[in-house]
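A short write-up of the structure that comes next.
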Amino acid sequence: MNTPVIETERLRLVEPGEQHIDSIVDVMNDPEIYANTLTIPYPYTRDDAVAAIERFQTMRINDEGMVRFIVTKDSDALVGSVGFEFKDDRQRAELGYAIGRAWWGRGYATEAAEGVVRHAFEVRGVPLVTAHAMLHNPASSRVLEKLGFEYAGVICGACHKENKDIDAHGYTMSRELWMERSHESS
């Protein structure tokens, strides 16, 4: 399924492509990004970017989920990535995001995640969106809390990285709750 560019107040969430390779390497080649994500390696090389873009395009073609690169409207800077992968026979989507350190603290993760979650619920009809935040990453938990996700508690072994199970804070948002909160804020 081909999805359009998703726009928020300050951001465009765009289909990853070859034109983004150098920019995404610059953003993701950071030990802090590696420490706070499950799938982004460090060092992050051009080959990693090419493989990631191919994986994201395959996900889209096979309708297994959606990943977008986050680009600012004002400067056209690529600042990170956001997306979801379908799980449990499409009964839920697992949300993920990563923002380059130079752009931390500006609300970009929350704004981009809101755009993708809205798309998951309102366009794709997903019943449930879930997310995990590593215990050592309170900023990621704050993003989910700002979006109104419900805290499910610490989930032992929720994430898997480098052949290790990692405990994480679990969060959920149902389509019903999203629609209810969307109508309240309108």
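- Of all heavy-atom pairs spanning I70 and A112, the tightest one is CD1-CB, 3.5 Å.
- Scanning for ring-ring contact (aromatic ring centres under 6.0 Å, His included) contacts around Y97 gives an empty result, with sequence neighbours left out.
- When all heavy atoms of R90 and P127 are compared, the pair lying nearest together is O-CD, 3.8 Å.
- Within the 4.5 Å cutoff, side-chain heavy atoms of F121 are placed close to those of M173.
- Contact record, A131 with E94: CA-OE2, 3.6 Å, taken as the closest heavy-atom pair.
- Between D63 and R124 there is a salt bridge, since at least one side-chain N of the basic residue sits less than 4.0 Å from a carboxylate O of the acidic one.
- Contact between L78 and V27 at its shortest, heavy atoms only, is O-CG2, 3.2 Å.
- The closest side-chain heavy-atom distance from H20 to V14 is below 4.5 Å.
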Begin from the C-alpha positions of S182 and W178 and carry the test side chain to side chain contact (heavy atoms under 4.5 Å, CB included) through to its verdict. CA-CA 6 Å; S182 294; W178 177 266; 3.4 Å; yes
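- With hydrogens and angles ignored, the 3.5 Å screen pairs a side-chain donor or acceptor of Q57 with a backbone N or O of P16.
- The shortest non-hydrogen separation linking M66 to M59 is N-CE, 3.9 Å.
- Under a hydrophobic-cluster definition in which Ile, Leu, Val, Met, Phe, Trp and Tyr are linked whenever side-chain heavy atoms come within less than 4.5 Å, directly or via other members, V154 and M134 are assigned to different clusters.
- Contact of the I155 side chain with the D167 side chain is not registered, since no non-hydrogen atoms from C-beta on lie closer than 4.5 Å.
- You'll find the side chain of D76 reaches within 4.5 Å of the side chain of V71, heavy atoms only.
- Looking only at side-chain heavy atoms (C-beta outward), R55 and V67 stay at 4.5 Å or farther from each other.
- The two residues I33 and G100 make their nearest non-hydrogen contact at CD1-CA, 4.0 Å.
- A donor atom on one side chain and an acceptor atom on the other are not found under 3.5 Å apart for D26 and S23.
- Put simply, CD on E111 and OG1 on T8 are 3.5 Å apart, with the number rounded to the nearest 0.5 Å.
- With hydrogens and angles disregarded, no donor-acceptor distance shorter than 3.5 Å links the side chain of K87 to the backbone of T130.
- One finds the CD1 atom of I21 at 9.5 Å from the CG atom of D47 (value rounded to the nearest 0.5 Å).
- In this structure, K146 and E114 have side chains that are not in contact, with every pair of non-hydrogen atoms separated by 4.5 Å or more.
- Residues satisfying the ring-ring contact (aromatic ring centres under 6.0 Å, His included) criterion with Y151, sequence neighbours excluded, are H169, Y171.
- A search for ring-ring contact (aromatic ring centres under 6.0 Å, His included) contacts involving F56 returns nothing, not counting sequence neighbours.
- The CZ atom of R118 lies 9.0 Å from the CE atom of M179; values are rounded to the nearest 0.5 Å.
- Distance check: Y108 OH to W103 CH2 gives 9.0 Å after rounding to the nearest 0.5 Å.
- Put simply, the side chain of V5 does not reach to within 4.5 Å of the side chain of L13, judged on heavy atoms.
- The backbone N or O of E64 lies less than 3.5 Å from no partner atom in the side chain of E85, so there is not a single donor-acceptor pair.
- Using a 4.5 Å cut-off between side-chain heavy atoms of Ile, Leu, Val, Met, Phe, Trp and Tyr, with links allowed through other members, I6 and F69 fall into the same hydrophobic cluster.
- Using a distance-only test at 3.5 Å, with no hydrogens or angles considered, a donor-acceptor pair links the side chain of H136 to the main chain of A35.
- Interatomic distance, I99 CD1 to T110 OG1, rounded to the nearest 0.5 Å: 8.5 Å.
- Following chains of ILVMFWY side-chain contacts shorter than 4.5 Å, one cannot reach L95 starting from L38, and the two form parts of different hydrophobic clusters.
- Salt-bridge check for E7 with K73: passed, with a basic side-chain N closer than 4.0 Å to an acidic carboxylate O.
- Defined by atom type and a distance below 3.5 Å, a donor-acceptor pair is missing between the side-chain atoms of E32 and W104.
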Could you walk me through whether F86 and F84 pass the ring-ring contact (aromatic ring centres under 6.0 Å, His included) check? CA-CA 7 Å; F86 291 121; F84 62 83; 5.4 Å; yes
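- Considering only heavy atoms from C-beta on, P41 stays 4.5 Å or farther from M28 through its side chain.
- Rounding to the nearest 0.5 Å gives a distance of 11.0 Å between CG of N29 and CD1 of I24.
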